[in-house]
Amino acid sequence: MNLDNCTRLALRGLAIDVSIGVFEHEKRAVQPVRVNIDVWVPSEFCTPTQDRLGEVIDYGRLRQIAIETLTESHIHLLESACERMAAGILLALPVRCVRVAIDKPQAFSDVDAVTVEITRWSAPS
């Protein structure tokens, strides 16, 4: 697959407190994460001719999917959170490709953040 005739839409730095982690102290309290999402949208779903929201992807939908995915239940791994989010986006929106990155800034006291990033493609039609 390729990204010809696509527009990249990005959601940057969504800050949310979530229940994530494998250790007992992580299961007892929420902690902050930062989410970055990129989607590549085929031109037929992102080229407005009448300057109306219905002609493009609603950015709020990306945000909603991220929040719902991360808050529906405790998640052990950043990798699992990324996979769930990417799958939800591919299922809900007409995108060709999605990249999800989640930063966990409190993973270690001497590291700015631990980040997991994945890229997934839609199934060929």
Side-chain angles (χ1 to χ4, degrees):
M1 297 198 62
N2 65 54
L3 300 176
D4 292 344
N5 297 312
C6 286
T7 297
R8 183 178 68 91
L9 171 63
L11 182 75
R12 292 280 171 258
L14 173 63
I16 183 169
D17 290 331
V18 300
S19 178
I20 191 163
V22 297
F23 300 108
E24 286 306 314
H25 71 276
E26 293 176 308
K27 294 177 182 179
R28 290 191 298 269
V30 295
Q31 59 185 304
V33 297
R34 296 247 180 223
V35 178
N36 294 300
I37 301 171
D38 296 278
V39 294
W40 283 263
V41 184
S43 60
E44 63 263 29
F45 300 108
C46 65
T47 307
T49 58
Q50 299 179 6
D51 196 29
R52 297 192 179 175
L53 180 59
E55 298 177 286
V56 297
I57 300 291
D58 181 350
Y59 318 143
R61 188 74 179 105
L62 283 176
R63 180 180 174 275
Q64 178 184 8
I65 292 168
I67 292 169
E68 288 174 0
T69 300
L70 291 174
T71 59
E72 68 185 355
S73 64
H74 180 83
I75 301 171
H76 288 119
L77 303 172
L78 286 173
E79 292 84 352
S80 299
C82 288
E83 291 290 349
R84 290 180 195 175
M85 203 174 309
I89 291 166
L90 289 170
L91 186 65
L93 301 173
V95 302
R96 190 168 297 162
C97 181
V98 59
R99 179 175 28 206
V100 175
I102 303 176
D103 298 334
K104 190 174 170 185
Q106 293 182 354
F108 301 105
S109 62
D110 59 347
V111 174
D112 285 341
V114 171
T115 302
V116 171
E117 179 177 310
I118 66 167
T119 302
R120 298 293 179 261
W121 292 82
S122 64
S125 30

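What you see is a predicted model; the values in this text were computed from it and never measured.
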Output every pair passing salt bridge (charged side-chain N to carboxylate O under 4.0 Å, His left out) with a member in residues 77-96, not counting sequence neighbours, ordered by first then second residue.
Glu83-Arg120

In a table with atom names and distances, give each donor-acceptor pair under 3.5 Å that connects a side chain of residues 102-117 to protein atoms at least two apart or in another chain.
| from | atom 1 | to | atom 2 | distance (Å) |
| --- | --- | --- | --- | --- |
| Asp103 | OD1 | Thr115 | OG1 | 2.5 |
| Lys104 | NZ | Glu26 | OE2 | 2.7 |

Flag side-chain contact, heavy atom, 4.5 Å: Val18 against Ile75:
no

Nearest 0.5 Å, please: how far is CD1 in Ile67 from CG in Leu62?
11.0 Å

For residues 63-103, pull every pair meeting ring pair (Phe, Tyr, Trp, His ring centres under 6.0 Å), keeping only residues two or more places apart or in separate chains.
His74-His76

Applying salt bridge (Lys or Arg N to Asp or Glu O under 4.0 Å), name anything that partners Glu44, two or more places apart in sequence or on another chain.
none

Does any part of the side chain of Thr7, heavy atoms only, come nearer than 4.5 Å to the side chain of Ile57, both counted from C-beta?
no

Under the side-chain contact (heavy atoms from CB on, under 4.5 Å) test, residues paired with Tyr59 that sit two or more places apart
Leu9

Going by side-chain contact (heavy atoms from CB on, under 4.5 Å), name the residues that satisfy it together with Leu53, two or more places apart in sequence or in a different chain.
Val56, Asp58

Does Glu68 form a side-chain contact (heavy atoms from CB on, under 4.5 Å) with Glu72? I'd like the steps, not just the answer.
CA-CA 6 Å; Glu68 288 174 0; Glu72 68 185 355; 5.8 Å; no

Ile37 and Trp121: same hydrophobic cluster, using ILVMFWY side-chain contacts below 4.5 Å?
no

Enter the distance from Asn36:CG to Leu14:CG here, rounded to the nearest 0.5 Å.
9.0 Å

Is Val30 close to Ile16 at the side-chain level, that is, under 4.5 Å between some pair of heavy atoms?
no

Provide the full list of salt bridge (charged side-chain N to carboxylate O under 4.0 Å, His left out) pairs with a residue in residues 28-37, sequence neighbours left out, each pair given once.
none

Could you pull out all residues at least two apart from Arg52 that satisfy side-chain contact (heavy atoms from CB on, under 4.5 Å)?
Gln50, Glu55

Set of side-chain hydrogen bond (donor to acceptor under 3.5 Å, both in side chains) partners for Arg63, sequence neighbours left out:
none

Measure the shortest side-chain to side-chain distance between Cys97 and Thr119 over non-hydrogen atoms and say whether it is less than 4.5 angstrom.
yes

Measure the shortest side-chain to side-chain distance between Val41 and Cys6 over non-hydrogen atoms and say whether it is less than 4.5 angstrom.
no

Within the structure provided, determine whether Gln31 and Asp17 are in side-chain contact (heavy-atom separation under 4.5 Å).
no

With sequence neighbours left out, write down each residue that passes side-chain contact (heavy atoms from CB on, under 4.5 Å) with Arg8, or none if nothing qualifies.
Ala10, Arg12, Asp38, Trp40

List, by chain and number, the other hydrophobic cluster members for Phe23, where Ile, Leu, Val, Met, Phe, Trp and Tyr join if side-chain heavy atoms come within less than 4.5 Å, directly or indirectly.
Val22, Leu77

How long is the gap from CD1 on Ile20 to OG on Ser73, to the nearest 0.5 Å?
10.5 Å

